[in-house]
Each structure stands twice: as structure tokens, then as C-alpha cells.
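Beneath this line is the structure, given in C-alpha cells, with notes to follow.
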There are 2 protein chains.
Amino acid sequence: MERDLPPPAEQLRTAGLRVTGPRIAVLTELQAHPHADAETILSASRARLGSLSTQAVYDVLRVLAGAGLVRRIEPAGSPARFETRVADNHHHVVCRRCGVVADVDCATGEQPCLHPSETHGFAIDEAEVVYWGLCPQCAAAQVS
Amino acid sequence: MERDLPPPAEQLRTAGLRVTGPRIAVLTELQAHPHADAETILSASRARLGSLSTQAVYDVLRVLAGAGLVRRIEPAGSPARFETRVADNHHHVVCRRCGVVADVDCATGEQPCLHPSETHGFAIDEAEVVYWGLCPQCAAAQVS
DNA sequence: CGCTAAACTTGACTCGTTCCAGATTCGGTG
DNA sequence: CACCGAATCTGGAACGAGTCAAGTTTAGCG
């Protein structure tokens, strides 16, 4: 499931971005723990570097998202989460109870539902699918 | 496109909810202007009633959503929006630029993408699809 | 018609995130 | 290897959206 990704420093250089400690720390952390929110990334990266400011993390995440190195997802009722799987068209399952997120490969090939029946004249460029349900742990907890 | 809905008071009674001014005002406003956010609903309902507290609107919306009379949607980067189309399985197109929302009927029948390739053991009960793009107005504005 | 739980009011407050301004550090080109 | 501008820091204030808590009103049953 985890593909080999180029090391963070190389990713940054390829994207034409400066290679800095905070950026490497954030990218590394995100590759290790996908779907983390800003606060989680902050504390993990801070531990990794010794110190790191809140703004630095938000700045870095915005830059990385702008460069296409990370993707920002915002499930309803949850703070924004980030992931490094960007190239492939995949979707997410979100647990209604604990909010945990898992990746789901696209059900119907490449661009799945990108062609709705009627578009109202919109120029559509992305179809985002979120599956809602209960993760195994929460489902078990609910029964008992 | 707009189906005949029972009047708000009747909807409330049928759902076993008390019939109050704020609830009728919110439902009426929402039927007239789907995809409105809480703030818009608040000011419109306030105008309709003379006065209405912020909290009342959030309370009413939560109760109505809980009773299944309205549906809450939260496109990323936008405050929560509400609509009265609840029974049918339909999705939304959201404009990246201005945030306007439009309804889209489900492309592939009843429960469209409700069966992803791999569920990671999740008990999935809903598939939510959001199409991202540009509305006709914003697309035109971008070209010029 | 009167009671009571449900609904509403008011106002303080949380959370996640952004912005601001100036001081400082640091990556990478010349 | 020195410089320059981008990146980051400190820390603060501010934001929008929504919630909590405690007191007051009211719908609707009996």
C-alpha cells in the first residue's frame, strides 16, 4: 500500500522549493502518519526539530499544498487533515464516531464519478468522494 | 425541479416536533433558498420574525437535521450549508471561486458509489460526492 | 386553564486558523 | 564565501463558526 516516495529534500527541490528543516520535518511526519491534522503535525515536527512555531507549520502546509506535494482534506466536523498521496485518484472513508480516516482506491477506474448527469454549466475538474460509516473499533464498541 | 413540499407547520407536526415561530421561519427560508448557511438563514428568519437569537437558529437547525427535515452539508472552506431535499440521494457541485452550490442528481442510480473497492472493515452507510469546479459566472470572469 | 418540559434568550467562551509586524536566520545563487 | 531575499521566529491579536451555561418564555398536553 505504501509506495516508495522520493525523500522529502528531493521532493522539495523537484518542486522548486527551498529545502528547510521545518519543511522536511512536516513532510517526513506526514509520510509516516497520513491524515494527520495541523496540531498533530505541529507537535510531531516540533519534537523532531526541537522547536517549531505554529505559524511555520501552517505556512509550510499551505506552501506544500500549493506546490501539490500534500493534499488538504476537510471532513465535516473535523479539523483539516493532510496527506502525501496526491497523484492518484483516491478517496476516503471517515468514521462517524472517532473521525479516523482511511484511504480507498477509486471504485470505477480512473476518473470515477467525474461525469454527473447534469452539471448546471459548471466546469468540473474534480470529484471528491467521502464514505461515512463506522470504523471496526467503533462498530464493535457500539454493539457491546 | 422544486417538488411540492408540505407546509412547514405540517412537516414539524408529522416529525413529532413542536411548532414554533423560529422553526417555521427557518424551514420556510430554507425551502425558498436552499444551500444557505447559518448566518444567511439567521438574518432572513430574523427579518421574517422581527427578532431571533443566533443560538435559536443553531438549535433549530440541529433539531431539524436530527429529525431528518433538513440536511447539513459542509463543503471544505465554507461554513455549513443546509437544504430541505433530504429523501433523494443527490449530490452537489461547488464553485471553487465563489462557493455557490448546486444540486446534481445521482449519476448511477440509487446508491451510487456506496461500494468502494476496499472498505478497511468500515461499516459504510453513506457516500457523499462533491464535484469541484467553476460556476458559469466565475468561469466567464476568469477568461476575461 | 394551568403546568411542565421543551424551546428560546443572552452573553461568555472554545476551537482551528489566519494575519500582522518586526526581528532574525538560513538556503542557494553569483 | 558573501550576500539577498525567502523563510521562519516571537507573540500577539483577531477571526468566523459554532458551543456552553443559566435563566426566561411558551407550546401543547391533561
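These values consider heavy atoms only, across backbone and side chains, with no hydrogens, waters or symmetry-generated copies. Chain letters run A, B, ... following the sequence lines, proteins first, then strands; residues in each count from 1.
- Counting non-hydrogen atoms under 4.0 angstrom, Val19(B) reaches the backbone sugars and phosphates but no base.
- His120(B) and Asp103(A) form no side-chain donor-acceptor contact under 3.5 Å, judged by distance and modelled atom types alone.
- Asp37(A) places its CG atom 8 Å from the P atom of dG16(C), with the value rounded to the nearest Å.
- Nucleic acid contact class of Arg81(B) (heavy atoms, under 4.0 Å, all strands): none.
- Taking every side-chain heavy atom of Arg72(A) into account, dT17(C) is the closest of dT17(C), dG18(D), dG5(D).
- Taking atom CG of Leu42(A) as the reference point, atom C1' of dT17(C) lies 12 Å away to the nearest angstrom.
- Among the protein residues, Arg62(B) comes within range of the sugar-phosphate backbone only, with heavy atoms under 4.0 Å from sugar or phosphate atoms but none that close to a base.
- Atom CG of Leu27(B) is separated from atom P of dA7(C) by 14 Å (rounded to the nearest Å).
- Taking 3.5 Å as the limit, the base of dG11(D) and the side chain of Gln55(A) contain a donor-acceptor pair of atoms between them.
- At whole-Å resolution of the value, CD in Glu74(A) and C1' in dG16(D) are 14 Å apart.
- Phosphate proximity of dC8(C) to Thr20(B): present, with a side-chain N or O under 4.0 Å from OP1 or OP2.
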Worksheet entry | Working for salt bridge (Lys or Arg N to Asp or Glu O under 4.0 Å), residues Arg72(B) and Glu74(B) | CA-CA 7 Å; Arg72(B) 177 189 187 121; Glu74(B) 293 182 50; 3.2 Å; yes
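- Rounded to whole Å, the distance from CG on Asp59(A) to C1' on dT10(D) is 13 Å.
- Side-chain N or O atoms of Arg81(B) include none that pairs as donor or acceptor with a backbone N or O of Pro75(B) at under 3.5 Å.
- Residue Arg23(A) places at least one side-chain N or O closer than 4.0 Å to OP1 or OP2 of dT8(D).
- OP1 or OP2 of dG18(D) has at least one side-chain nitrogen or oxygen of Tyr58(B) nearer than 4.0 Å.
- Tracing side-chain contacts under 4.5 Å through hydrophobic residues (I, L, V, M, F, W, Y), one never reaches Val86(B) starting from Leu30(B); they form parts of separate clusters.
- Where Thr54(A) and Val63(B) meet DNA chain C, the nucleotide closest to each residue was compared, and Val63(B) sits on the side nearer the 5' end.
- With rounding to whole Å, Leu49(A) atom CG is found 10 Å from dT8(D) atom P.
- When each of Ser53(A) and Ser78(B) is assigned the nucleotide of DNA chain D with its nearest heavy atom, Ser53(A) is the one assigned upstream, toward the 5' end.
- Contact between Leu134(A) and Arg96(A) at its shortest, heavy atoms only, is CD2-CB, 4.2 Å.
- Comparing Pro79(B) and Leu17(B) along DNA chain D, the residue whose closest nucleotide (by nearest heavy atom) sits nearer the 5' end is Pro79(B).
- For the pair Ile24(B) CD1 and dC8(C) P, the computed distance is 10 Å after rounding to whole Å.
- Here dT17(C) is the nucleotide among dG28(D), dT8(D), dT17(C) with the atom lying nearest to any side-chain atom of Ala80(A).
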